[in-house]
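The structure appears below as structure tokens.
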Amino acid sequence: MPLVDLARDMIADAILGGSSYAKFNSANAHIGVGDSSAAFASTQTDLQAATNKLRKPMDATYPQRSANVITWRATFGTAEANFAWNERGIFNALSGGQMLSRKVVSLGTKTSSASWQLTCTDTVVLV
């Protein structure tokens with residue numbers, strides 16, 4: 001999972017019982033997609049797309065966790081995110097907030113002729 005530096009800080013805070021960050025639970029978690037193919041950098045705090053980007057809240061019952069694997073899922077309707085999907089990120093707010101992870105991946109070009117459901121899995125591994 002390509003975690004950003006802020007995610008590292010959130011994990012350390014959580015281990016110590018802190019509450020400095022909003023949770024990535026069903027009430028707060030969002031998947032964002034954008035059209036930028038800029039390389040991942042751990043210092044990034046948002047998707048890199050200038051204008052073609054959109055965050056969507058989780059579908060019902062998501063996120064889900066099984067041991068150290070987190071599954072995120074959101075559905076983008078026909079009128080939403082109609083552009084090339086080249087990056088995805090996990091956030092704890094519809095706007096602003098914190099980005100947990102960002103991945104550069106070409107997922108295709110969404111058009112208004114279809115709704116897309118994006119499912120992402122992140123495996124938390126400590127090295």
Side-chain angles (χ1 to χ4, degrees):
M1 164 172 52
L3 290 176
V4 296
D5 290 345
L6 185 69
R8 173 203 60 209
D9 298 344
M10 286 184 229
I11 292 168
D13 184 64
I15 288 170
L16 297 177
S19 58
S20 299
Y21 302 98
K23 295 180 179 182
F24 287 79
N25 58 19
S26 61
N28 299 331
H30 291 72
I31 294 178
V33 294
D35 67 356
S36 176
S37 56
F40 170 81
S42 65
T43 55
Q44 293 165 340
T45 59
D46 197 0
L47 295 174
Q48 299 302 289
T51 56
N52 287 333
K53 59 183 173 181
L54 180 70
R55 294 183 193 180
K56 288 288 292 189
M58 293 290 108
D59 288 347
T61 74
Y62 285 85
Q64 297 177 352
R65 178 179 159 254
S66 177
N68 63 325
V69 177
I70 304 168
T71 303
W72 318 88
R73 190 178 83 189
T75 301
F76 295 77
T78 57
E80 301 171 316
N82 293 315
F83 47 78
W85 289 17
N86 294 324
E87 60 180 335
R88 68 89 166 157
I90 304 298
F91 299 88
N92 63 1
L94 181 60
S95 64
Q98 289 91 27
M99 179 171 69
L100 180 71
S101 64
R102 175 177 175 264
K103 185 171 185 175
V104 179
V105 57
S106 178
L107 298 169
T109 299
K110 185 183 170 305
T111 68
S112 61
S113 66
S115 292
W116 282 14
Q117 185 178 76
L118 179 58
T119 302
C120 307
T121 57
D122 288 328
T123 302
V124 180
V125 179
L126 300 177
V127 292

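Hydrogens, waters and symmetry mates are skipped; everything else that's a heavy atom, side chains included, is used.
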Between N82 and K110, do the side chains contain an N or O donor and an N or O acceptor separated by less than 3.5 Å? yes
Beyond-backbone contact of L100 with L3, side-chain heavy atoms, under 4.5 angstrom: yes
Using a 4.5 Å cut-off on heavy atoms from C-beta on, say whether the side chain of F91 contacts that of L47. yes
Linked, directly or transitively: L107 and L54 (ILVMFWY side chains, under 4.5 Å): yes
Are any non-hydrogen side-chain atoms of V33 and W116 less than 4.5 angstrom apart? no
Which residue is it: D46, I90, I31? I am looking for the one with a side-chain contact (heavy atoms from CB on, under 4.5 Å) to R55. D46
Donor-acceptor pair, N28 side chain versus K23 backbone, under 3.5 Å? yes
If you look at every heavy atom in S36 and A38, which pair is closest and at what distance? OG-N, 3.1 Å
Judged by modelled atom types alone, do N68 and T123 share a side-chain donor-acceptor pair under 3.5 Å? no
Would you check, one step at a time, whether the test side chain to side chain contact (heavy atoms under 4.5 Å, CB included) holds for N86 with V105? CA-CA 5 Å; N86 294 324; V105 57; over 6 Å; no
One pair to check against side chain to side chain contact (heavy atoms under 4.5 Å, CB included): Q117 and F76. What are the steps and the verdict? CA-CA 6 Å; Q117 185 178 76; F76 295 77; over 6 Å; no
Is there a side-chain contact between L118 and W85 (heavy atoms, below 4.5 Å)? yes
E80 bridged to K56 by N-O distance under 4.0 Å: yes
Y62 OH to T75 OG1 distance, which is reported to the nearest 0.5 Å: 9.5 Å
Given 3.5 Å as the limit, does a donor-acceptor pair link the side chain of R102 with the main chain of R88, or not? no
Of the non-hydrogen atoms in P63 and I70, which two are nearest, and what is the gap between them? CB-CG2, 4.2 Å
Side-chain touch Q44/M99, heavy atoms, less than 4.5 angstrom: yes
Indicate the atoms forming the closest heavy-atom contact of G34 with A49, along with that distance. CA-CB, 4.0 Å
Would you mind telling me which of D5, L6, I11, V4 makes a side-chain contact (heavy atoms from CB on, under 4.5 Å) with R8? D5
Hey, is the main chain of D35 close enough, under 3.5 Å, to the side chain of N52 for a donor-acceptor pair? no
Any heavy-atom pair between the side chains of D13 and Y21 that's under 4.5 Å? yes
Could you check if a side-chain atom of W72 sits within less than 4.5 angstrom of a side-chain atom of T119, using non-hydrogen atoms only? no
Starting at CZ of F24, measure out to CZ of R65 and round the result to the nearest 0.5 Å. 15.5 Å
Residues S101, D122; criterion side chain to side chain contact (heavy atoms under 4.5 Å, CB included); working and verdict: CA-CA 9 Å; S101 64; D122 288 328; 3.5 Å; yes
Kindly compute the distance separating CZ (R73) from OG1 (T121), expressed to the nearest 0.5 Å. 13.5 Å
For E87 and K103, what are the C-alpha separation, side-chain angles and deciding distance, and is it a side chain to side chain contact (heavy atoms under 4.5 Å, CB included)? CA-CA 6 Å; E87 60 180 335; K103 185 171 185 175; over 6 Å; no
